[in-house]
Amino acid sequence: MIQKPKGTYDVYGKEGQTILYIENVLRALMDRYDYEYVRTPHFEASELFHRAVGETTDIVTKETYDFLDRGERKMTLRPEGTAGVIRSFIENKMYARDVMPVKTWYYGPMYRYERPQAGRFREFYQFGVEVFGSQDAMADAEVISIPVTLYKLLGLKGIKVNINSLGDTESREKYREALIQHFKPHLSELCEDCKERFSKNPLRILDCKVDHDLEIMKKAPKTIDYLNEASKKHFEKVQEYLKVMDIPYSIHPGIVRGLDYYTHTVFEVEASVEGFGSQNVLCGGGRYNNLVKNIGDVDVPGVGFALGMERLMTALRYEQIDLCNNTLDVYIIPFEETKKEAISLLQELRLSGFKADTDYMNKNIKANFKQADKKNARFLILLGEDELEQNLLTVKDNHTKEEYKIQKEELIAFLDEAFEEECTCEECGGSHEEME
RNA sequence: GCGUUCUUGGUGAAGCGGUUAACACACCUGACUGUGACUCAGGCAUGCAUGGGUUCGAUCCCCAUAGAGCGCCCCA
């Protein structure tokens with residue numbers, strides 16, 4: 001038996017329904033925010049990711065799917081979405097648009113060769129946005145508000161927004177220096193991983209779970225103390241905007257993000273649910289004012305974020321949020337001699353907008369009733385010889401268990417009326433109504 | 001890349017060296033030739049991830065491989 005590749009998964013059944021539902025919410029949400037959809041290739045020239053993500057990051061050094069195409073070109077399956085979108089932004093000269101900023105969103109699979117684990121796959125789906133052209137803190141705040149709004153629409157409660165600022169290039173460099181000076185005399189006290197980080201990416205030491213409680217960790221300089229005036233002001237504005245949008249947040253000096261390209265605002269949204277697992281960061285992002293310049297020749301600031309669908313799905317499971325619509329309006333129980341009438345009736349119901357199904361397995365009546373229950377059918381229609389002779393339908397309301405004899409011509413009107421009444425009830429409430 | 005636990009029908013699983021692989025749910029058939037959650041009688045793994053080895057004998061012990069889960073690193 002051939003199995004799926006390690007770290008991949010199939011989507012079907014309830015999960016498939018849930019994902020389609022979420023994708024619809026995403027689309028509607030991005031429309032409201034007035035963002036434009038961008039789709040870029042799933043593979044790009046390897047060099048793009050080396051430049052964008054950073055030569056030294058783990059993602060580029062040991063996690064990419066690289067291959068040579070038949071023309072000997074070095075290609076890489078995209079490990080993240082930002083690089084491709086920026087490439088597209090430059091290549092399609094979106095920087096020359098008459099409407100600025102350019103606000104984009106993307107959605108699709110990403111690839112990283114990693115050991116699979118909770119909330120981590122080799123092929124995984126990310127939804128993300130990139131906003132180009134604005135330096136304003138309003139853009140930062142808006143970007144942060146997107147995942148927050150999405151999680152709210154889906155009904156997630158246990159989430160926390162953590163923000164920090166790395167400042168501009170000048171501030172960032174000054175801080176980096178300070179950090180190195182701080183840890184240098186204490187290098188021996190740190191864990192093995194942190195010693196590695198010290199030379200590779202000192203900012204990451206702050207993220208360490210092992211050394212978290214160490215005295216020198218607590219005394220470590222904080223990014224926000226090293227911000228210059230302009231950077232500080234920017235960060236304050238972001239916070240001010242978050243407050244007026246009613247988005248609760250906390251400042252975490254520890255979040256520095258792994259990718260090299262961030263400047264100013266960085267943020268993460270985490271699932272703060274007990275027992276969620278170690279991969280509890282649902283989304284992350286921030287501002288990258290130098291990245292576009294590094295990739296192309298245009299100097300355009302940007303800000304964006306990406307969220308992992310798999311982790312979102314895990315969070316929904318943990319909070320026991322069910323977004324599936326597993327009901328059927330009508331289930332027709334056919335008999336051997338009425339199949340023709342049954343399929344014709346089915347067609348009519350579907351044309352009229354009802355979700356309808358029947359039996360294709362020649363099941364007996366008992367099994368049909370059972371199946372109708374499993375499919376959560378609201379109405380059952382029995383269509384047998386008796387009904388055929390009398391030109392009637394036996395319609396059974398599966399809520400009240402009442403049975404009606406109805407003329408075939410009156411069926412649609414009957415159902416319309418029945419569902420009309422239902423619409424005002426609690427059943428329809430919940431998150432999806434807010435999306436109308 | 002490292003550590004660790006695991007892999008038995010459609011599903012949940014018992015068995016941990018001895019020849020019919022338990023039990024439950026689901027499913028199918030019939031009692032019941034048109035009304036469902038009851039009852040009863042049947043049926044449903046020639047096989048225990050794959051490949052080797054040890055043994056008179058292996059689902060059970062050993063080795064390898066693959067996959068899954070969890071943690072580290074890193075990230076969404």
Side-chain angles (χ1 to χ4, degrees), chain A residues 1-9 53-54 56-64 78-82 106-128 147 191-197 200-201 204 207-210 255-260 262 266-271 275-286 304-315 331 333-338 361-375 377 380-388 394-398 401-403:
Chain A
M1 179 56 194
I2 298 170
Q3 295 175 304
K4 63 183 181 299
K6 187 174 181 149
T8 64
Y9 60 98
V53 182
T56 61
T57 54
D58 281 10
I59 293 179
V60 158
T61 55
K62 52 187 199 199
E63 292 175 6
T64 49
R78 61 182 187 191
E80 54 98 54
T82 304
Y106 62 86
Y107 171 74
M110 308 294 163
Y111 302 86
R112 288 183 205 171
Y113 192 86
E114 295 183 279
R115 186 84 177 262
Q117 165 187 164
R120 167 179 301 171
F121 297 87
R122 288 185 171 180
E123 180 184 69
F124 57 101
Y125 278 70
Q126 280 192 345
F127 158 74
C191 72
E192 285 308 308
D193 288 324
C194 280
K195 284 173 190 152
E196 178 88 21
R197 290 181 184 114
K200 244 173 61 185
N201 188 352
R204 284 253 117 203
D207 248 352
C208 186
K209 286 163 196 150
V210 181
I255 68 161
V256 293
R257 315 286 314 142
L259 294 89
D260 291 345
Y262 288 110
V266 285
F267 77 99
E268 289 179 354
V269 178
E270 63 172 322
F276 186 83
S278 60
Q279 310 299 321
N280 68 333
V281 175
L282 297 181
C283 79
F305 87 95
L307 75 81
M309 283 296 277
E310 293 75 15
R311 290 179 191 183
L312 171 56
M313 297 292 282
T314 309
Y331 183 91
I333 299 178
F335 291 81
E336 189 54 43
E337 57 286 346
T338 61
M361 301 297 290
N362 297 309
K363 287 178 192 284
N364 61 32
I365 189 159
K366 183 168 164 176
N368 262 311
F369 269 104
K370 276 191 179 179
Q371 181 151 308
D373 274 350
K374 278 189 191 137
K375 284 174 171 277
L380 305 180
I381 295 180
L382 274 88
L383 184 50
E385 274 184 314
D386 297 353
E387 283 83 1
L388 214 55
T394 302
V395 179
K396 186 160 183 171
D397 184 330
N398 214 14
K401 308 290 179 198
E402 271 178 272
E403 231 173 74

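Labels below follow one simple rule: chain letters A, B, ... track the order of the sequence lines, proteins then strands, and each chain is numbered from 1. Side chains included, hydrogens not; waters and symmetry mates left out as well; all remaining heavy atoms used.
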> Can you tell me how far C1' of B:C2 sits from CD of A:E63, to the nearest Å?
Replying inline: 14 Å
Show me the protein contacts with nucleotides 30-34 of chain B, counting only N or O atoms at under 3.5 Å.
from  : atom 1 : to     : atom 2 : distance (Å)
B:G34 : O6     : A:E385 : N      : 3.0
B:G34 : O6     : A:D386 : N      : 2.8
B:G34 : O6     : A:E387 : OE1    : 3.1
B:G34 : N1     : A:E387 : OE1    : 2.7
B:G34 : N1     : A:E387 : OE2    : 3.0
B:G34 : N2     : A:E387 : OE2    : 2.7

> When the distance from CZ of A:R197 to C1' of B:C73 is rounded to whole Å, what number comes out?
Replying inline: 7 Å
> Distance between the P atoms of B:G3 and B:U65, in whole angstroms?
Replying inline: 13 Å
> Considering only the C1' atoms, how many Å lie between B:C48 and B:U19, rounded to the nearest integer?
Replying inline: 16 Å
>> Can you list everything that forms a ring pair (Phe, Tyr, Trp, His ring centres under 6.0 Å) with A:F335? Sequence neighbours excluded, please.
In response: none
> Hey, which of these two, A:F124 or A:K396, hits RNA chain B nearer its 5' end, going by closest nucleotide?
Replying inline: A:K396
Which atom pairs link the protein and nucleotides 4-9 of chain B when you take only N or O atoms and keep those under 3.5 Å?
from : atom 1 : to     : atom 2 : distance (Å)
B:U4 : O4     : A:R115 : NH2    : 3.0

> Quick one: which of A:N368, A:I381, A:N398 gives a side chain to side chain contact (heavy atoms under 4.5 Å, CB included) with A:Y331?
Replying inline: A:N368
> How would you list, by chain and number, every residue that makes a side chain to side chain donor-acceptor pair (under 3.5 Å) with A:Q126, sequence neighbours excluded?
Replying inline: none
> What's the CZ-C1' distance between A:R120 and B:C73, to the nearest Å?
Replying inline: 8 Å
> Does A:A367 have any side-chain contact (heavy atoms from CB on, under 4.5 Å) partners at least two apart in sequence or in another chain, and if so, which?
Replying inline: A:K363, A:N364
>> Applying side chain to side chain donor-acceptor pair (under 3.5 Å), can you list everything that pairs with A:T64, at least two apart in sequence or on another chain?
In response: A:D66
> Taking only residues two or more places apart in sequence, or in another chain, which ones meet A:A315 in a side-chain contact (heavy atoms from CB on, under 4.5 Å)?
Replying inline: A:L156, A:F276, A:L282
> What integer number of Å spans the P atoms of B:A41 and B:C23?
Replying inline: 14 Å
>> Using whole Å, what does the distance between atom P of nucleotide B:A26 and atom CD of A:Q371 come to?
In response: 15 Å
> Please, what dot-bracket string fits RNA chain B when only Watson-Crick and G-U pairs with both distances under 3.5 Å count, crossing ones use [ ] and pairs to another strand use |?
Replying inline: ((((((((.[[[..)..(....]]].(((((.......))))).....[[[[[..)....]]]]])))))))....
> Would you say the base of B:C75 and the side-chain of A:R311 have a donor-acceptor pair closer than 3.5 Å?
Replying inline: yes
>> If we count only N and O atoms by modelled type, under 3.5 Å, do the side chains of A:E63 and A:Y113 hold a donor and an acceptor together?
In response: no
> What is the nucleic acid contact for A:N398, judged by heavy atoms within less than 4.0 Å: base, sugar-phosphate only, or nothing?
Replying inline: base
> Any idea if B:G9 is syn or anti, going by the 90°-from-0 cut?
Replying inline: syn
>> Going by side-chain contact (heavy atoms from CB on, under 4.5 Å), name the residues that satisfy it together with A:D397, two or more places apart in sequence or in a different chain.
In response: A:R378, A:F379, A:H399, A:T400, A:Y404
> Of all residues at least two apart in sequence or in a different chain, which pass the ring pair (Phe, Tyr, Trp, His ring centres under 6.0 Å) check with A:F124?
Replying inline: none
> Among B:U35, B:C72, B:G69, which nucleotide sits nearest the side chain of A:Q279?
Replying inline: B:C72
>> If I take atom CZ in residue A:F276 and atom C1' in nucleotide B:A76, what distance separates them, rounded to the nearest angstrom?
In response: 11 Å
> Which whole number of Å gives the distance between the P atom of B:A26 and that of B:U11?
Replying inline: 15 Å
>> Does A:G119 reach a base, just sugar-phosphate, or nothing at all? Heavy atoms under 4.0 Å.
In response: base
> When rounded to the nearest Å, what value does the distance between P atoms of B:C73 and B:G15 take?
Replying inline: 37 Å
>> When the P atoms of B:G51 and B:C70 are compared, how many Å lie between them, rounded to an integer?
In response: 28 Å
>> Going by salt bridge (charged side-chain N to carboxylate O under 4.0 Å, His left out), name the pairs with one or both residues in residues 106-121 of chain A, residues two or more places apart or in two chains.
In response: A:E114-A:R120
>> Once rounded to the nearest 0.5 Å, what's the spacing between atom CD of A:E385 and atom CD of A:E336?
In response: 10.5 Å
> Which part of the nucleic acid does A:L312 contact within heavy-atom distance under 4.0 Å: base, sugar-phosphate only, or nothing?
Replying inline: nothing
> Counting only heavy atoms not in A:E403, do more than 12 fall under 6.0 Å of its CD?
Replying inline: yes
> Counting just side-chain N and O atoms, does A:S278 come under 4.0 Å of either OP1 or OP2 of B:C72?
Replying inline: yes
> What do the steps show when you test A:F369 against A:L382 for side-chain contact (heavy atoms from CB on, under 4.5 Å), and what is the final call?
Replying inline: CA-CA 10 Å; A:F369 269 104; A:L382 274 88; 4.0 Å; yes
> Which one, B:A76, B:G1, B:G71, comes nearest to the side chain of A:Y113?
Replying inline: B:G1
> Using a cut-off of 4.0 Å on non-hydrogen atoms, how would the nucleic acid contact of A:G7 be classed: base, sugar-phosphate, or nothing?
Replying inline: sugar-phosphate
> Considering only the P atoms, how many Å lie between B:U20 and B:U59, rounded to the nearest integer?
Replying inline: 12 Å
>> Can you tell me if A:K4 touches the phosphate of B:A68, counting only side-chain N or O atoms and a distance under 4.0 Å to OP1 or OP2?
In response: no
> Can you name the side-chain contact (heavy atoms from CB on, under 4.5 Å) partners of A:S278, sequence neighbours left out?
Replying inline: A:Q117
>> Please report the distance separating the C1' of B:C56 from the corresponding atom of B:G17, rounded so that it comes out in whole Å.
In response: 12 Å
> Whole Å only: how far is the CD atom of A:Q117 from the C1' atom of B:G3?
Replying inline: 12 Å
>> How many whole angstroms separate atom NZ of A:K62 from atom P of B:C74?
In response: 8 Å
>> Rounding to an integer number of Å, can you tell me how far A:F121 CZ sits from B:G67 P?
In response: 15 Å
